[in-house]
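Each chain gets a letter, A, B and so on, in the order its sequence line appears, and its residues count up from 1. All values reported here derive from a predicted model rather than from experimental measurement.
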Amino acid sequence: MHEVALADGGFWLSVAQIIAIDILLGGDNAVVIALACRRLPAEQRNKGILWGVLGAIALRLALIFFALQLLALPFLKIVGALLLFWIGVKLMQPEPEVSAEGVDAPQHLFGAIKTIVIADAVMSLDNVIAVAGAANGDMLLVTFGILVSIPIIVWGSKLVLLLMDRFPVIITLGGALLGWIAGKMIVTDVVLAPLFQALPHGLHYVSAAAGALGVFIVGTRRARRTPPGPLEQVAGGRHPGDANKVNTRK
Amino acid sequence: MTKVLLPVDGSEFSDRALDYVLDMARGEVPLDLHLVNVQLAIDSGHARMFVSDDDIAAYHRDEGLAVLKPYRARLDAAGVSYQWHVLVGHAAQSIARFAKEQKFDRVVMGTHGRSGMTQLLMGSVAQNVIRRLKIPVALVK
């Protein structure tokens, strides 16, 4: 199948898209793993991180397998495309809306691994839908996408945060990319594909461009509505004499 | 009294900025020195869904304190009094906001001094801070 894709250069474009997706959507996995293992005793911490990472990889493989099967069913590419559109809009929001009030980092190895695996399942879903969309059924590309995401899960967190801090435009481009993939995916749905067959060939590009533009517009609008929060200071003090500590934890 | 903000990131460039501030501290004008490190915010809804705000704050605090440690040791050894802060957010934006809100007189920060293409690719927190502030910003190379 990919011989055809190779010929028109679309293969390498898909490779580039998949790497971009892995970077954009994979960075937070490592952060969650590190955070979930923070309260473990030192000798268990590495064990927790190792099992958490292995769990993340296994889950991702299982999820992509199901995703590929599911996307072949009628209407599910439409659902996938809409999900992807939403993931793109969400990526562009400066402050997360959810917060886990009162969920404390587990102090036991099993608890930490459980947190990591559940978090991984949710986080991998974004990545898997996007990779499946960009690969468009090509198993070689899917495998490549999963392999590239693994080092990012393991080592990538700080690098991804740094990259996004220096170049906020990456996030906007990433959101638009997800919209582009969503737009392309929707016209290949089993139900819709025959309808579009009759229309001119370049139509999937029009749909893709509409998806990218849609994410860009909705994403920027929503982001603008969020007012900037107060400057967040997590610790502070005076030397000599550490008298007035600010906001430090007991 | 000159109120000086010294943002540090653990790089050798920040070390040299501290050298410069230690020189300033030996001068005639007394300094009200503030050492600050900005931890990059985890702007991921996912991380926030599974980890409490307290734990994320504690994580940032530990990471920030680890960065500040060598600078604090050097200031303590030199007998210079100072305040220290760990902030969370976008690096340049947080430094500039802190400088404005706390009415600093000047900012001293290290810069890698790259130019041209590297500058374009790597970006520069220092350049970004200068653009956001009206007070003098000393860049130490």
**Item:** Under 4.5 Å from a heavy atom of chain A, the part of Glu101(B) involved
**Value:** side chain
**Request:** Could you check which of Asn128(B), Asp76(B), Leu75(B), Val86(B) has the highest count of heavy-atom pairs closer than 4.5 Å to chain A?
**Result:** Val86(B)
**Message:** Could you check whether any side-chain heavy atom of Trp84(B) comes within less than 4.5 Å of a side-chain heavy atom of Arg238(A), counting everything from C-beta outward?
**Reply:** no
**Prompt:** Checking Asp62(B) against chain A: side chain, backbone, both or neither under 4.5 Å from a heavy atom?
**Reply:** side chain
**Prompt:** Got His239(A) and Arg72(B) here, is their nearest side-chain heavy-atom distance under 4.5 Å?
**Reply:** yes
**Asked** At their closest point, which heavy atom of Val234(A) faces which heavy atom of His60(B), and how far apart are they?
**Response** CG2-CB, 4.1 Å
**Message:** Check this for me: Lys114(A), atom NZ, are more than 12 non-hydrogen atoms of other residues, nucleotides or ligands nearer than 6.0 Å?
**Reply:** no
**Min side-chain heavy-atom separation Ile56(B)-Leu35(A) under 4.5 Å** = yes
**Item:** Interface moiety of Ile171(A) toward chain B, non-hydrogen atoms closer than 4.5 Å
**Value:** neither
